[in-house]
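In what follows, a single structure is set out as structure tokens and then discussed.
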Amino acid sequence: MSADSPSSPASSQAAEVQVRLPDGSLKPQPADATAMDVAKEISEGLARSVVAAEVDGTIVDSFRPLGEIADDENVVPLRLLTTRDESALDVLRHSAAHVMARAIMRIYKGVSLAFGPTTSGGFYYDFDMPEKISEDDFPKIEAEIKKIIKAKEPFERFVLDRDEARKLCDDLDQDLKVEHIETGLGDQATVSFYRQGEFVDLCRGPHIPHAGMIKAIKLLSVAGAYWKGDASGRQLQRVYGTAFFDKKELASYLEQIEEAKRRDHRVLGKQHGLFAINPEVGQGLCLWLPKGARVRVTLEDFLRRELLSRGYDPVYSPHIGRVEMYETSGHFPYYRDSQFAPLFGSEVGGLLDAWSTRLDKDDLSKDDEDKLIAAAEVFGVKLPEYKPSASNDAKKDVLHRWQLNHERYLLKPMNCPHHCQIFGAQPRSYRQLPLRLFEFGTVYRHEQTGELNGMMRVRGLTQDDAHIFCTADQVEEEFRATIELTKFVLESVGLDDYRVQLSLRDPDSSKYVGSEENWDHAEGALRGVLEQSGLSFNEEPGEAAFYGPKADFMVRDCIGRSWQLGTVQLDYNLPERFKLEYKGNDNATHRPVMIHRAPFGSLERFTGMLIEHFAGAFPMWLSPEQIRVLPLSDKSVEYATAVAKQFDEAGFKVTVDASDGKVQAKIRNAQIDLVNYMAVVGPKEAESGQVALRDRIEGDLGSMPIKEAIARLQKEVETRQVRQAVKGSTVSIAESGGAATDY
RNA sequence: GCCAACGUAGCUCAGUUGGCAGAGCAGCUGAUUUGUAAUCAGCCGGUCGUGGGUUCGAAUCCCUCCGUUGGCUCCA
């Protein structure tokens with residue numbers, strides 16, 4: 001049974017169906033009755049709020065004849081979905097997408113419809129059209145939408161076979177829909193359409209009964225998108241919007257978007273002097289300002305101490321490495337496009353590199369080839385073995401052999417090749433395993449310009465990277481320890497809402513490196529550890545990297561957004577490529593298994609996420625300015641300095657605000673700067689050796705001896721207490737619903 | 001990389017149909033010597049992202065490049 005199945009021939013339909021309601025009761029209904037009819041029988045009020053129906057777990061139109069969707073025994077297990085059901089919201093939004101498309105087609109000419117699905121926070125519709133829509137056009141589109149909603153016209157469903165469907169779409173000048181019927185829906189005998197007034201759209205549904213149910217709708221943004229996600233294909237215009245059953249819910253959704261904007265790490269990073277990204281330094285290259293760097297140092301110190309106590313060995317490796325090493329690892333040229341260009345020891349290096357690339361793409365004319373040979377000779381490079389008549393592969397080989405004899409360096413895109421070299425730098429015995437090498441390793445990746453985003457996506461990033469080299473038997477225990485570490489790290493910074501995504505191999509694919517047994521063993525071990533850990537996790541078959549399965553930590557912040565942070569990945573590939581081996585207790589050589597893991601992911605991204613999570617107000621232990629001493633006037637500056645010295649000696653990050661002006665102003669500035677504690681000192685405190693402590697969150701705590709203040713604040717640091725004043729609701733922006741429709 | 005929007009003082013932003021570039025905050029100087037979220041006054045500060053074009057005249061209109069933002073595509 002499926003909502004998509006074509007309606008059965010009328011002859012085979014019984015005249016009556018048995019509707020089974022959630023309470024188990026059976027209601028006989030005529031076969032052409034609908035869920036809405038059932039609702040009306042129960043009560044008019046219920047009927048008014050029915051959005052759709054759920055039959056056997058599938059959501060269907062409330063206006064669909066029940067006979068079409070009954071099972072073999074003519075029973076329809078029916079649940080009515082009202083405006084209060086979460087899954088009804090998706091139905092509403094999908095219908096809202098139709099209404100928006102209808103409005104846009106009324107205003108603009110030559111609109112070709114693509115897809116209009118729902119997203120976690122709303123919906124969008126993609127259009128191919130000659131005119132450009134701008135956000136300035138939203139008011140007039142929204143006005144048209146309101147007209148459509150006010151008319152309360154019903155949605156009607158009808159089914160056509162493929163030929164009829166193609167003809168209809170053709171008649172409607174919907175060439176993208178025609179293409180989709182021919183390709184994407186090539187295996188469907190019939191397809192469904194929905195009509196609402198003059199608007200007819202190929203669509204799987206389901207839809208709300210009538211447009212009047214859309215009580216709140218708002219267009220949010222317009223952006224480019226590709227037809228069927230293909231970057232080489234047609235560029236479409238995508239209009240995003242959202243809709244709710246209730247105006248208040250829309251208002252609270254918009255408030256959440258505002259809250260997310262207020263927390264934007266790029267804004268807060270600038271405001272609080274945490275980091276800067278300056279085009280003169282380079283796109284995506286992060287400058288850690290002193291305050292941001294303090295946060296990072298604290299994080300690094302914290303993790304370093306943990307790693308040292310958990311049996312890791314610190315290592316350091318250079319920021320560049322020979323291209324050959326990345327050819328061995330496979331990162332070059334596979335990720336060539338997202339790496340910075342190589343650095344060449346010879347001035348002709350770039351020429352030969354470009355030459356080789358042209359050959360690789362088979363994009364080199366005879367004429368240009370002669371010029372390149374001549375140009376190389378200008379620089380004194382003769383390639384007698386290079387035969388213009390030879391195959392491209394043979395020619396590339398000649399160029400490559402020359403390159404091997406000349407220096408080519410790459411800005412390090414990954415730490416693992418270096419760590420493999422460190423493993424290989426000495427003969428290894430099973431007694432040394434597991435060998436855990438860690439480094440805060442800075443890597444450089446030439447991310448596409450459109451991808452760069454504050455600290456979240458940068459071109460130079462520092463991974464809290466480590467590679468564990470172990471035997472196959474040790475994988476399980478190492479994985480367990482890594483999961484444990486990551487949990488500990490996340491919870492230390494107050495992130496306790498997370499789950500693990502376990503990415504497994506696609507059973508049908510042959511693209512994977514490593515033996516079948518190894519994969520089976522590893523996947524089983526990972527699953528077992530996660531089950532024992534009590535963490536919530538979900539399995540994603542087919543999402544594994546080609547070199548091994550992985551577990552990613554998906555962390556939810558305090559306003560409900562999901563971040564992919566820490567990761568643990570098994571790797572059978574690199575030990576093979578670098579021919580790493582150790583001597584076993586059987587005196588034979590074996591290949592180790594490698595585990596990549598990074599609890600933070602990258603310091604940039606992690607810090608950026610923390611800024612947003614805490615809205616810039618770091619908990620005491622991470623704070624770049626924990627205490628600010630505020631002298632009442634010039635007269636108390638001397639005592640303030642002495643107080644600050646004591647806090648400093650006790651290990652706090654402390655400053656003194658010696659500016660003139662009233663203490664109210666100093667407090668205000670300290671509050672705005674999100675300093676955790678203020679220590680107000682005047683003549684009274686100087687006389688008694690006290691400070692008047694003010695908490696950023698609680699306000700004035702009264703006067704106390706300095707020692708008492710120090711003890712109190714030290715305790716807060718040591719216990720890594722998180723006393724953030726959480727703002728925002730618990731409803732998630734990033735995730736809810738999510739049953740995206742295909743067409 | 002692609003589509004769109006945007007780029008004015010350190011920051012946030014005004015700037016009308018093309019006609020002398022503005023405010024608040026920050027900063028600096030001075031006065032004030034203060035008890036839990038803004039003391040007062042003065043001053044400094046901009047080749048309006050870059051380069052070109054149209055025009056008697058461009059922050060304003062057009063093009064180029066650079067950068068930012070929202071998406072798309074990518075993400076070892």
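From a predicted model like this one, the values you see are computed outputs, not experimental measurements.
- Taking 3.5 Å as the limit, the base of U33(B) and the side chain of Asp660(A) contain no donor-acceptor pair of atoms between them.
- Residues Phe423(A) and Pro592(A) form a side-chain contact, since some pair of their non-hydrogen atoms from C-beta on lies under 4.5 Å apart.
- The base of G1(B) lies close enough to the side chain of Tyr226(A) for a donor and an acceptor atom to sit less than 3.5 Å apart.
- A tilted orientation is assigned to the rings of His319(A) and Tyr444(A), their planes being inclined by 30° to 60°.
- Taking 4.0 angstrom as the limit, Arg457(A) places none of its side-chain polar atoms (N or O) nearer than this to OP1 or OP2 of U69(B).
- Shown for residues 272-281 of chain A: residues whose heavy atoms fall under 4.0 angstrom of RNA chain B, namely Pro279(A).
- For a distance-only test at 3.5 Å, the side chain of Glu135(A) fails to qualify as a donor-acceptor partner of the base of G70(B).
- More than 12 heavy-atom neighbours from other residues, nucleotides or ligands sit within 6.0 angstrom of CD on Gln271(A).
- A26(B) and U17(B): their C1' atoms are spaced 36 Å apart (whole Å).
- Distances shorter than 4.0 Å separate some side-chain N or O of Tyr240(A) from OP1 or OP2 on C72(B).
- The aromatic rings of Phe115(A) and Trp227(A) lie parallel to each other, their planes meeting at an angle below 30°, with 60° marking the opposite boundary.
- Within 3.5 Å, no donor on the side chain of Tyr335(A) pairs with an acceptor on the base of C75(B), nor the reverse.
- Remark: Lys635(A) is not in phosphate contact with U33(B), judged by side-chain N or O atoms under 4.0 Å from OP1 or OP2.
- In this structure, Met414(A) atom CE and A76(B) atom P are separated by 9 Å, rounded to whole Å.
- Secondary-structure annotation of RNA chain B gives the stems B:1-7 with B:66-72, B:10-13 with B:22-25, B:27-31 with B:39-43, B:51-53 with B:61-63, with a stem taken as at least 3 successive Watson-Crick or G-U pairs whose two distances both fall under 3.5 Å.
- Between Gln448(A) and C72(B) there is no side-chain N or O to OP1 or OP2 distance below 4.0 Å.
- When the P atom of G35(B) is taken as reference, atom NZ of Lys684(A) falls 10 Å away, rounded to whole Å.
- Below the 3.5 angstrom threshold, one finds no donor paired with an acceptor across the side chain of Arg445(A) and the base of C74(B).
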